[in-house]
Enquirer: 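This is the structure, below, for whatever I ask next.
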2 protein chains.
Amino acid sequence: MTESSLCVSKLMDELNKHIESIAGVPLFSELSADHLRDVVSICKLKNFSKHDFLFNEGDFYLGFYILLEGSVKVFKTNSDGDETVVHIVKPLTEFADIPLFEGIDYPVSAQCLEDCLVIFIPKEEFLKLIKEDHEISLKMLSGFAKRLKSLISQIEDLSTKEVVNRLAKYLIKEIKLKENENIPEPFVKLTIPRSTTASYLGTVTETLSRAFRKLQNEKVLRMHGKVVFIQDLKKLKELAK
Amino acid sequence: MTESSLCVSKLMDELNKHIESIAGVPLFSELSADHLRDVVSICKLKNFSKHDFLFNEGDFYLGFYILLEGSVKVFKTNSDGDETVVHIVKPLTEFADIPLFEGIDYPVSAQCLEDCLVIFIPKEEFLKLIKEDHEISLKMLSGFAKRLKSLISQIEDLSTKEVVNRLAKYLIKEIKLKENENIPEPFVKLTIPRSTTASYLGTVTETLSRAFRKLQNEKVLRMHGKVVFIQDLKKLKELAK
DNA sequence: TCACTAATCTGACTTAAGTCAAGGGAAATT
DNA sequence: AATTTCCCTTGACTTAAGTCAGATTAGTGA
């Protein structure tokens with residue numbers, strides 16, 4: 001574990017700087033000031049560098065995380081050593097929260113795709129808070145429900161869509177996330193490694209390259225370094241179905 | 001909608017007959033008698049015949065179900081009309097509970113694989129109960145967490161395992177479920193249609209047939225009508241990894 | 001800036017698995 | 001009981017995508 005912990009007073013300052021961010025996390029967005037203070041009191045702020053692991057599949061469970069800055073790949077490793085990326089965590093979202101309620105170890109691994117700032121929330125303390133504040137558990141139910149829907153959709157896509165179509169759907173989703181769907185030429189910055197994107201889409205790097213090339217050949221998009229410009233958004237949406 | 005509703009007094013009698021079953025559902029297993037009575041008071045008992053639909057993907061959400069008897073396939077249908085079975089519901093488990101917390105319609109369809117007896121619980125009434133009884137929401141969090149883990153595992157398998165290995169894993173799971181792992185020749189009764197099993201495993205009927213044949217050729221199992229006898233459990237477990 | 005390493009792209013080849021069609025067996029209906 | 005319909009198996013063929021190897025590009029550290 002290579003995270004660098006800040007010294008205590010500096011940490012409290014840093015944490016106070018992030019209270020607004022914490023309040024912006026959907027999980028905590030409707031907490032009263034008192035309860036928000038309770039949550040903050042059990043939080044720990046941690047820095048991780050690119051490539052650092054936050055935890056490994058099978059590690060004894062200590063608590064969950066909220067990503068403030070950076071990005072994290074959440075993945076499983078099978079007996080042959082193959083990785084399946086099941087989630088790419090974006091800022092202001094929680095992860096590693098399943099074992100709060102089920103199991104005693106982390107069911108996945110988590111690795112930083114870039115430098116990260118995260119909040120760590122210990123299991124026991126948080127479960128105490130949950131028992132006092134009903135609103136948090138309802139919020140978590142909502143978060144879990146969203147995630148269940150998303151995973152169900154992933155399974156459907158893996159079973160019935162070809163890689164080009166899965167890529168199209170992924171790009172549409174990224175465009176919507178960045179809210180640049182309505183400019184003349186929407187674009188996506190490919191910030192995460194191609195190998196991670198491929199694994200997330202259930203394929204390998206080579207096949208992902210070929211899928212991009214196919215979309216370029218069909219004039220659906222053009223690539224310029226790490227940026228993908230969408231030339232035919234309508235066509236891309238059709239391919240995403 | 002072809003469910004047959006029983007008349008009111010008969011229905012209450014029937015429902016009372018099933019209180020023990022309801023109390024046996026993990027979701028309600030630790031409810032006080034008072035709260036259990038509250039739950040029962042909003043429940044409706046419904047019969048469905050084989051092939052009946054309980055609801056279709058996109059239908060406006062009314063409430064969730066607990067399956068008492070029978071089995072139900074939960075599936076999505078894509079734009080080409082292809083089905084992906086995402087879950088096969090067994091007795092004493094709930095389903096269609098995601099939209100209690102997320103969305104306004106059913107994200108999947110549900111069809112009876114055999115005659116079914118189910119309990120229907122309306123959304124609004126249940127949400128009221130949840131807000132009064134914290135224990136239910138914690139139990140639901142646990143149930144959602146289990147399901148998240150299972151779906152994550154499904155995604156991993158679809159991405160990294162071949163069909164034979166997915167079948168092997170499925171059979172191991174069925175054996176464990178039926179608790180006949182320790183008899184000399186464990187067996188699995190294939191009660192659901194092969195096409196449903198295939199879809200659940202992310203493949204098609206033909207490929208599933210070939211996978212069974214491969215396992216027979218390798219003396220891992222033998223088939224006798226609708227029963228699969230496992231001849232080499234150890235080998236099957238290795239194939240399931 | 002340069003050398004080295006890692007990531008990505010590309011081509012050739014192989015393979016798992018899907019599609020299509022036909023036949024046999026099982027289940028449902030008359 | 002006979003007939004019809006549905007389910008499943010099987011073979012032939014096709015295709016999407018994975019594997020392997022090499023070339024090219026991008027990133028990192030001295």
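Lettering follows sequence order; numbering is per chain, from 1.
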Enquirer: OP1 or OP2 of D:dC8 sitting under 4.0 Å from any side-chain N/O of B:Arg194?
Expert: yes
Enquirer: Would you mind reading off the distance between B:Glu162 atom CD and D:dG18 atom C1', rounded to a whole angstrom?
Expert: 10 Å
Enquirer: Does A:Lys178 come within less than 4.0 Å of A:Glu174, counting only side-chain N to carboxylate O?
Expert: yes
Enquirer: Salt bridge check: are A:Lys146 and B:Glu102 linked by an N-O gap of less than 4.0 Å?
Expert: yes
Enquirer: When you check the phosphate oxygens OP1 and OP2 of C:dA7, does a side-chain N or O of A:Thr205 lie under 4.0 Å from one of them?
Expert: no
Enquirer: Could you state the atom-to-atom distance from CG of B:Asp82 to P of C:dG18 in whole Å?
Expert: 11 Å
Enquirer: If you take the centroid of each ring, where Trp contributes its six-membered ring, are A:Tyr65 and A:Phe55 closer together than 6.0 Å?
Expert: yes
Enquirer: Closest-nucleotide mapping onto DNA chain C: is B:Lys50 or B:Thr203 further toward the 5' terminus? I mean the 5' end.
Expert: B:Thr203
Enquirer: Within the pair A:Arg213 and C:dG11, is there a side-chain N or O less than 4.0 Å away from OP1 or OP2?
Expert: yes
Enquirer: With hydrogens left out and only the distance checked, is there a donor-acceptor pair under 3.5 Å joining B:Glu206's side chain and the base of D:dC8?
Expert: no
Enquirer: Give a yes or no on whether a salt bridge exists between A:Glu218 and A:Lys214, defined as a side-chain N under 4.0 angstrom from a carboxylate O.
Expert: yes
Enquirer: Mind calculating the distance between CZ (B:Phe212) and C1' (D:dT10) to the nearest angstrom?
Expert: 16 Å
Enquirer: Side chain of A:Arg166 only, heavy atoms from C-beta on: which candidate in D:dC8, D:dA17, C:dC9 is closest?
Expert: D:dA17
Enquirer: Report the distance from atom CG of B:Leu190 to atom C1' of D:dC7, rounded to the nearest whole Å.
Expert: 13 Å
Enquirer: What nucleotide among C:dC9, C:dT8, D:dC8 has an atom nearest to a side-chain atom of A:Pro193?
Expert: C:dT8
Enquirer: Over all strands shown, is A:Lys226 touching base, sugar-phosphate only, or nothing at heavy-atom distances under 4.0 angstrom?
Expert: sugar-phosphate
Enquirer: Does C:dG18 have its OP1 or OP2 closer than 4.0 Å to a side-chain nitrogen or oxygen of B:Thr207?
Expert: yes
Enquirer: For the pair made of CD in B:Gln216 and P in D:dC8, what is the distance, rounded to whole Å?
Expert: 15 Å
Enquirer: What is the separation between atom CD1 on B:Ile192 and atom P on C:dA27, rounded to the nearest whole Å?
Expert: 16 Å
Enquirer: Do B:Lys169 and B:Ser153 have a side chain donor and acceptor closer than 3.5 Å?
Expert: yes
Enquirer: Determine whether any donor atom in the side chain of A:Arg210 lies under 3.5 Å from an acceptor atom in the base of C:dG11, or the reverse, and answer yes or no.
Expert: yes
Enquirer: To the nearest Å, give me how far apart CE (B:Met223) and P (D:dC8) are.
Expert: 10 Å
Enquirer: Figure out the CG/P separation between A:Leu208 and C:dT8, and round it to whole Å.
Expert: 9 Å
